[in-house]
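All remarks here apply to the structure that follows.
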Amino acid sequence: MDFDLTDEQRLLKDSVERFVADRYDFESRKRFMAEPEGFSREMWASMAELGLLAVPFAEEHGGIGGGPVETMIVMEAFGRGLVVEPYLSTVVLGGGLLRHGGSEAQRAEILPAVASGEMLLAFAQVERGSRYDLHDVSTTARPDGGGFVLDGEKGVVLHGEGADRLLVTARVSGGRRDREGIGLFLVDGKTRGVSRRGYPTQDGMRAAEISFDGVRLGPDSVVGEPGNALPLVERVVDEAIAALCAEAVGAMGAMGETTVDYIKTRKQFGVAIGAFQSLQHRAADMVVMTEQARSMTYLATMMAGVDDAAERGPAIAAAKVQIGRSGRFVGQQSIQLHGGVGVTMEYKIGHYFKRVTMIDTAFGDADHHLSRLAETGGLFKAA
Amino acid sequence: MDLRFTPEENAFRQEVRAFFRENLDPKVHAKLVEGRHASRQDLVDWTRTLNAHGWGVPHWPAEYGGTGWDPVRQYIFLEELQAFPAPAPLAFGVNMVGPVIYKFGSDEQKARFLPRIANMDDWWCQGFSEPGSGSDLASLKTKAVRDGDDYVVNGQKTWTTLAQYADWIFCLVRTDPAAKKQEGISFLLIDMKTPGITVRPIELIDGGHEVNEVFFDDVRVPAENLVGRENKGWDYAKFLLGNERTNIARVGVSKERLRRIRELASLEHIGTEPMIRNSRFREKLAAVEVELKALEMTQLRVVAAERTREKGKPDPASSVLKIKGSEIQQATTELLMDVVGPYALPYVPDREDDRWDELANEPPIGPDWAATVAPTYFNWRKVSIYGGSNEIQRNIIAKAILGL
Ligand SMILES: Cc1cc2nc3c(=O)[nH]c(=O)nc-3n(C[C@H](O)[C@H](O)[C@H](O)COP(=O)(O)OP(=O)(O)OC[C@H]3O[C@@H](n4cnc5c(N)ncnc54)[C@H](O)[C@@H]3O)c2cc1C
């Protein structure tokens, strides 16, 4: 049992932290967000150069063969920097779905292009009525000749507007909420019948509403088992949750430090406000909540690589609950301890708060995962 | 990073568990499961069983009877002990005064006291708090004046846990009233049979007798019972309190409680449905489980870091363990209140008596496990007060971790 990083992992951590510290300050981020695509292509190219986009992929696909720990390292640093580039959607989600479920041809074509920064991916899964249920799918993929015809609407697709390829869940058979009958399809964003409406998100990124209207797909667009893609989707979403936990912990750490620095310097009543015990205790509680979140991120990271969903699921759900709760507490208190400046657009603390809030609503909020966990019979089974 | 235990560690866990299964009196085990306390004799017997096996004081240095286990094995042992559940050896001896003696005591003190602590030949209690000195411990007033080969002690200690059983008490006393408050304190070992000591019970909120007031009236204590140097007692006390906080998370205790809650909640019904099927209850239970899992991981981080830390230096993160550990323990007592429902109400004064079953010539009122539930809930408010209150822990985090 150890929490130590290997030498390579420590190198990765140093390099990604340095990258964020040197090149991703708050002012630069504002510039990146103002670019046409809502992020910086130059940063994306630098991330590719540093090998960050190659982290989880096998060497034969241009990757560096990292696992969940490497992803955690990158995401935590990105959380500190509030990085807006499409890492989660392209590398973790899209890349993850292909890595675990893609055919050899799909992987050979796409993963090297992802790793080199040439191709962007997005995961089109949420629908207007599905909320957080991955099995609630109304979009249909009707078999047609050797291929499929895709019809339906997907919402809040992270970085969906500019993605070169979309990974789309669609129902091949069965009723709207059946666990069976769900397929996963690889769709070129420019195919006829795909229309995308992009918009900015609360936390400074971009997302899209996407409709599919009689989109014709060839047989080579199927990812994984046609009609039985749910286990694949669940697995990759669990990996994405672990990655989001790490990002949130990075953001919480930055919020804690920023807040403590602030209360050490801001003076009222002739003293630094950090001399007031009520604020000290609030800051101490932020430490407690951040450490608990960090602990659960380690757990999620370890469990993300487990194949057995029954073993993996409860731990991931528990981690997401903790992250949701901790993120909310640390975020709200950070704002409170800053006073008025905390609720301005100009100052960075609010942007962290917005990001951790949106992380809670990604792939199931704390309440969702609490009921998921409650259904499983708990974390502490009789040993 | 690998959060799994090694096969050897898992085998060790099985060995520990098997030892408990074979050697703990089932009656004592049942008491703990039911939320009652082990009696004085239960604790003495069990400590001797452990000690005879070489496990009386695993965390002590090998030369004083320790096992030489690394922090991970220490943790596994403790967690198994708590989760089994088996009685925990008396902390005042093995976790508090024992380490102070082997670290700061004289050779005579080591030879005289340590083996008797490990075997529970002496029952120790802790005389730190006073009526006017709780969180601000260094303000204590009980004074010791040197007179020939003795110190003469006058004053009062309070909240002294299980002093009614104690053979010895370790006390902080003021030896230099003129010095700055932390610098005039000494650490004395006092035989409870010494003339001039009076012990008076304090009844706690649940009706139990676990704490006392201890009065000192011209109590003569041989100067050889001074630990370390005169007026250096505060340093030893800080060392002791640091040790007190390392095992404060009590993850194993809460794990056992949550399992028990789950079991009882499948016996109790809401309407026609077992309580454990009730989604509101289940989610409350799951929420505490999440917190406990996070605490367990935090505890393991501290344990893993201990392997490389300087020995005897407590991690400031132990304040995190204290705060969350006590909150979670309290949350488990609340969940049990939820499970027992209206049968929390009857007050059963004899519930801690060893002859409880025989005494009751009538069947229990409500489920037979109900009697301890409300008293435990009331009594457990203590865990966020003692051992450095949770507010004091927040002060420590603010100062030691955040530099505020
Ligand atoms: C069941 C039980 C068993 C005990 N056993 C022993 C024992 O065996 N031996 C022994 O020596 N002692 C023992 N104690 C005493 C225990 O250590 C004290 O109760 C504890 O230190 C708190 O002191 P106090 O009760 O005087 O509360 P106070 O110190 O008066 O505190 C009252 C409230 O004020 C808060 N407070 C105090 N100072 C501050 C501050 N600086 N900042 C913010 N908040 C503050 C506290 O957190 C608390 O909420 C025991 C206590 C209990 C309840």
Side-chain angles (χ1 to χ4, degrees), chain A residues 1-6 9 68-69 72 256-257 260 263-264 272 274-277 279-289 291-299 301-303 314-315 317-322 325-326 366-367 369-383, chain B residues 1-6 9 13 17 72 75-76 80 83 254-256 258-259 262-263 276 279-287 289-301 303-305 307-308 316-317 319-321 323-324 327 390-391 393-399 401-404:
Chain A
M1 203 235 5
D2 72 81
F3 294 82
D4 306 334
L5 300 179
T6 63
Q9 288 167 343
V69 175
M72 173 187 84
E257 285 160 27
V260 168
I263 67 175
K264 279 179 182 169
F276 300 130
Q277 194 185 47
L279 303 197
Q280 291 180 354
H281 283 196
R282 217 75 70 77
D285 285 333
M286 287 167 63
V287 170
V288 173
M289 292 300 266
E291 290 311 313
Q292 293 284 83
R294 179 178 294 283
S295 292
M296 288 307 260
T297 297
Y298 292 152
L299 179 71
T301 302
M302 284 296 108
M303 298 305 286
K320 194 67 168 44
V321 172
Q322 183 68 51
R325 299 267 153 94
S326 289
D367 284 349
H369 285 286
L370 195 59
S371 7
R372 178 181 166 198
L373 185 60
E375 293 302 319
T376 64
L379 284 170
F380 298 102
K381 310 237 170 56
Chain B
M1 197 155 116
D2 184 352
L3 307 191
R4 287 166 308 183
F5 292 103
T6 63
E9 286 162 350
R13 187 185 288 280
R17 201 176 289 176
V72 175
Y75 175 74
I76 291 174
E80 284 300 318
S254 293
K255 272 193 189 176
E256 190 275 335
L258 287 177
R259 259 184 236 131
R262 197 169 272 284
E263 181 187 315
I276 194 68
S279 60
R280 236 190 104 68
F281 175 76
R282 233 169 17 172
E283 284 177 17
K284 269 168 89 169
L285 178 58
E289 290 193 343
V290 170
E291 297 225 45
L292 181 58
K293 191 73 202 174
L295 182 71
E296 181 181 25
M297 301 307 297
T298 305
Q299 169 82 73
L300 289 171
R301 286 167 57 199
V303 168
R307 284 186 293 211
T308 49
S319 291
V320 174
L321 300 177
I323 293 172
K324 269 293 150 192
E327 287 176 358
N390 285 17
E391 289 73 30
Q393 302 300 335
R394 290 184 174 91
N395 290 349
I396 294 172
I397 294 174
K399 300 215 155 47
I401 301 183
L402 301 177
L404 286 167

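Because only heavy atoms are used, hydrogens play no part in the values below, and waters and symmetry mates are left out as well, while side chains stay in. Quick note on labels: first sequence line is chain A, next is B, and so on, each numbered from 1.
Most heavy-atom pairs under 4.5 Å with chain B: of the set A/A374, A/S295, A/A317, A/A284, this distinction falls to A/S295. When the candidates B/E296, B/E391, B/E283 are compared by the number of heavy-atom contacts under 4.5 Å with chain A, B/E283 comes out ahead. Between chain A and the options B/V303, B/T298, B/V320, heavy-atom pairs under 4.5 Å are most frequent for B/T298. With chain A as partner, the option from B/L300, B/T6, B/I276 having the largest number of non-hydrogen pairs under 4.5 angstrom is B/L300. Of the listed residues (A/R325, A/H369, A/R282, A/Q322), the one with the most heavy-atom contacts under 4.5 Å to chain B is A/Q322. For chain B, the option among A/L279, A/V69, A/L299 with the highest count of heavy-atom pairs below 4.5 Å is A/L299.
Residues that satisfy the salt bridge (Lys or Arg N to Asp or Glu O under 4.0 Å) test with B/E327, not counting sequence neighbours, are B/K324, B/R394. Under the rule for a salt bridge (Lys or Arg N to Asp or Glu O under 4.0 Å), A/D2 has no partner lying at least two apart in sequence or in another chain.
Contacts of B/R4 with chain A are made by backbone atoms alone, with heavy-atom separations under 4.5 Å and no side-chain atom involved. In this structure, chain A has no heavy atom under 4.5 Å from any part of B/S279. For B/L295, the parts lying near chain A are the backbone and the side chain together; criterion is any non-hydrogen pair under 4.5 Å. Within the 4.5 angstrom heavy-atom criterion, no atom of B/K284 approaches chain A. Residue B/L292 touches chain A through both its backbone and its side chain, counting heavy-atom pairs closer than 4.5 Å. Contact of B/L402 with chain A is made through backbone and side chain together, with heavy-atom distances under 4.5 Å.
There is no side-chain donor-acceptor pair under 3.5 Å between B/N395 and A/Q280.
Salt bridge B/R282/A/E375: present, at least one basic N to carboxylate O contact under 4.0 Å.
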